[in-house]
Number of protein chains: 2
Amino acid sequence: MTIVQLEYLLAVDTHKSFARAAESCFVTQPTLSMQIKKVEKELNVLIFDRSKKPVLTTDIGRQIIDQARIALQETSRIKELIQHQKNEIKGELRIGIIPTLSPYLLPLFITKFMQQYPDVNLVIEEALSHTIIHKLNNDLIDVGILVTPLNNRSIIEIPLFYEIFKVYFSTSHPLNKKETIDISELNINDMWLLKEGHCFRSQAVNICGENGSVNTNQLKFESGSLETLRRIVEKQHGYTFMPELATLDFNKEQKKYLREFSNPQPVREVSLIIHRGYMKRKLIDLLKQEIVSNIPKELLNKNRGQLVNID
Amino acid sequence: MTIVQLEYLLAVDTHKSFARAAESCFVTQPTLSMQIKKVEKELNVLIFDRSKKPVLTTDIGRQIIDQARIALQETSRIKELIQHQKNEIKGELRIGIIPTLSPYLLPLFITKFMQQYPDVNLVIEEALSHTIIHKLNNDLIDVGILVTPLNNRSIIEIPLFYEIFKVYFSTSHPLNKKETIDISELNINDMWLLKEGHCFRSQAVNICGENGSVNTNQLKFESGSLETLRRIVEKQHGYTFMPELATLDFNKEQKKYLREFSNPQPVREVSLIIHRGYMKRKLIDLLKQEIVSNIPKELLNKNRGQLVNID
DNA sequence: CAATTGTCATAGCTAAAGTTTATTATTTTC
DNA sequence: GAAAATAATAAACTTTAGCTATGACAATTG
């Protein structure tokens with residue numbers, strides 16, 4: 001006996017016709033007929049008298065349907081329960097998020113979150129990691145979204161996902177011809193980097209390691225936005241790193257610039273962070289859940305690549 | 001959301017362990033884990049906190065499980081309802097049944113019927129068709145089980161199933177060598193028959209038609225029981241008809257004597273009969289249902305062979 | 001009274017869901 | 001710190017819900 005089967009019973013009862021009942025359940029008539037016959041067989045009773053037109057319930061069928069209605073009512077109360085408790089979640093949630101995540105991660109979950117918890121007011125601010133940590137310690141924000149591990153005793157890290165580093169080459173660059181890129185082929189001096197202070201920058205530097213420690217660049221420009229770097233690479237020469245989430249909605253043209261590292265690919269760990277001793281833990285759990293269930297699920301695999309150090 | 005999933009939730013809650021819960025539900029642990037994860041995804045909430053050992057319910061999980069318990073309670077009341085009403089069916093049911101059905105058909109449903117309706121007292125008597133009809137007309141029995149059609153205006157026939165005629169040959173008989181038998185190959189004079197008055201006898205005669213109208217038999221013996229005929233065929237010479245139900249639990253040895261007719265096979269229609277204007281129709285319906293659901297289902301197919309006349 | 005229409009049942013097929021075994025990642029325990 | 005216990009994951013397998021097409025039957029209509 002299944003919930004769906006009980007729903008079919010009610011439908012036939014209300015519509016006095018198998019065909020119309022099926023329609024109202026958005027299935028075909030044979031499907032509904034079979035399922036009803038299955039309940040009847042399982043319970044070993046006739047629920048409908050098909051010889052009467054329009055179909056009538058048998059004596060016991062009447063009782064069964066009435067009880068089924070009650071059972072379904074109680075079942076649906078489970079969902080109401082959840083909706084109700086979601087509406088009870090209210091208050092303000094102040095989030096700090098780093099610029100290399102903000103434009104790509106927020107759109108993935110923010111609308112859904114606000115629908116789920118209409119009485120929660122979000123205050124989101126974009127800031128660099130050290131600012132976020134500072135504000136967290138002074139209770140100026142409730143939670144941070146940034147790259148870990150931080151090795152900070154006063155902060156609790158709640159890992160969310162693992163994001164792969166990719167490389168974005170100008171078409172003129174020789175490495176653009178290759179399918180996958182090896183880390184040893186990169187030279188930090190050919191790269192366009194974010195300004196000092198971005199963890200994405202330090203990680204880029206760490207990935208390249210010692211390759212090309214002598215700066216021979218004619219032009220030195222360090223941007224505050226990945227989008228700027230991407231456009232520079234497209235129009236000019238050189239390359240830059242791209243975090244995976246930034247590449248999700250790349251069009252065909254943009255994918256021509258994009259290359260992956262050979263295995264193991266470098267990844268960064270993205271976490272929620274809260275201050276040790278922070279109280280409103282429940283809302284944070286819901287935030288985590290909402291983020292995790294709205295990003296591509298391959299990002300959840302902790303072992304998809306090699307974690308890159310931050311400093 | 002399914003009933004089974006809700007049961008899994010309750011199981012984990014009571015056993016505080018996925019593995020033990022699975023065992024109690026007679027499924028494997030991954031099965032249960034996945035189903036629970038599915039509910040959680042559908043409802044978009046975490047029900048269990050797996051980080052705690054032993055597993056604990058979350059806040060909302062607690063509420064969900066309590067509500068699920070109520071819902072399942074109401075669902076199971078459907079079955080109780082049926083059991084209850086079956087116990088309310090009481091009274092006496094007097095059944096007349098012909099000897100060529102009685103020993104084979106009754107064992108198939110009688111025990112189950114008595115379990116299902118413990119307060120119904122059955123009075124069963126074996127009698128020939130004409131006796132059954134007579135007793136029905138004089139309200140000495142409530143229902144008859146015999147072979148139809150009867151063409152009797154005072155009687156309502158409720159068809160139950162369609163039983164194939166088979167042939168039982170002594171091993172010495174030349175037709176025993178053949179895979180299937182053609183009706184034209186039979187001679188009524190070689191056959192062992194039941195006594196006059198059995199509808200099975202008239203049907204046997206009708207099947208054979210005109211074949212061998214001159215009786216040349218040295219011995220003339222007509223029995224009141226198919227079992228007697230069967231033993232005679234086994235030990236002596238000749239052949240006799242066997243109704244399908246009589247052959248169901250034949251052993252390997254006995255099947256060597258058994259042959260089927262070539263298509264279309266002759267069949268007899270077995271029905272419940274009641275007197276027109278009979279009142280206790282409900283109990284009859286239940287009897288029909290019980291018989292129909294306890295015989296091999298191929299017997300329900302009306303078009304499995306050629307109906308044989310009775311007189 | 002034959003033809004049409006409306007109704008539910010049946011059969012064969014496909015796609016999805018449920019289950020299993022085998023394996024892995026983690027945590028607990030001694 | 002090794003062994004045991006626990007739950008998650010993966011891949012193969014089985015079952016089932018649902019679909020289309022068709023059939024049987026009854027009521028209605030021309």
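Values reported hereafter were calculated over all heavy atoms of this structure, with side chains retained and with hydrogens, waters and symmetry mates removed.
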**Item:** salt bridge (charged side-chain N to carboxylate O under 4.0 Å, His left out) involving E260(A) - partner list, sequence neighbours excluded
**Value:** K166(A)

**Item:** Nearest-Å distance for atom pair CZ/P, residues F48(A) and dA9(C)
**Value:** 10 Å

**Complete:** T111(A) meets the side-chain contact (heavy atoms from CB on, under 4.5 Å) criterion, sequence neighbours left out, with Q115(A)

**Prompt:** What residues, two or more places apart in sequence or in another chain, satisfy salt bridge (charged side-chain N to carboxylate O under 4.0 Å, His left out) together with D59(A)?
**Reply:** K282(B)

**Item:** Whole-Å gap separating P (dA17(D)) and CE (M1(A))
**Value:** 14 Å

**Item:** Nearest-angstrom distance from the residue atom NE2 of H15(A) to P of dG6(C)
**Value:** 18 Å

**Fill in**
Closest of dT16(D), dG18(D), dT20(C) to the V27(B) side chain is dT20(C)

**Request:** Could you tell me whether the side chains of E269(A) and Y162(A) share a donor-acceptor contact shorter than 3.5 Å?
**Result:** yes

**Message:** Output the rounded distance in Å from NZ (K41(A)) to C1' (dA9(C)).
**Reply:** 15 Å

**Request:** Identify, with sequence neighbours excluded, every residue that meets salt bridge (charged side-chain N to carboxylate O under 4.0 Å, His left out) alongside K112(B).
**Result:** none

**Item:** Of residues 155-164 of chain B, the positions that come close to DNA chain C - non-hydrogen atoms, cut-off under 4.0 Å
**Value:** none

**Message:** Quick one about D49(A) and T58(A) (side-chain donor to acceptor, distance below 3.5 Å, no hydrogens or angles considered), yes or no?
**Reply:** no

**Fill in**
Residue pairs meeting salt bridge (Lys or Arg N to Asp or Glu O under 4.0 Å), one or both in residues 144-161 of chain A, sequence neighbours left out, come to none

Protein-nucleic acid N or O pairs under 3.5 Å, nucleotides 4-10 of chain D:
unit_1, atom_1, unit_2, atom_2, d
dA7(D), OP1, F18(B), N, 3.1
dA7(D), OP2, F18(B), N, 3.0
dA7(D), OP2, A19(B), N, 3.0
dA8(D), OP1, R50(B), NE, 2.4
dA8(D), OP2, S33(B), OG, 2.8
dA8(D), N7, Q29(B), NE2, 3.0
dA8(D), N6, Q29(B), OE1, 3.4
dT9(D), OP2, K37(B), NZ, 2.0

**Item:** Contacts of E290(A) that satisfy salt bridge (charged side-chain N to carboxylate O under 4.0 Å, His left out) - sequence neighbours left out
**Value:** none

**Item:** Under the side chain to side chain donor-acceptor pair (under 3.5 Å) test, residues paired with R259(A) that sit two or more places apart
**Value:** N176(A)

**Request:** Considering just the side-chain nitrogens and oxygens of T28(B), establish if one lies under 4.0 Å of OP1 or OP2 belonging to dT20(C).
**Result:** yes

**Request:** Quick one: label Y8(B) by what it contacts on the DNA or RNA (base, sugar-phosphate, nothing), any heavy atom closer than 4.0 Å.
**Result:** sugar-phosphate

**Request:** Report the distance from atom CG of L32(A) to atom C1' of dC19(D), rounded to the nearest whole Å.
**Result:** 14 Å

**Message:** Measure CG/L300(B) against P/dA11(C) and give the value in whole Å, please.
**Reply:** 11 Å

**Prompt:** How long is the line joining CD of Q5(A) and P of dT16(D), in whole Å?
**Reply:** 11 Å

**Request:** To the nearest Å, give me how far apart CD (Q35(A)) and P (dT16(D)) are.
**Result:** 11 Å

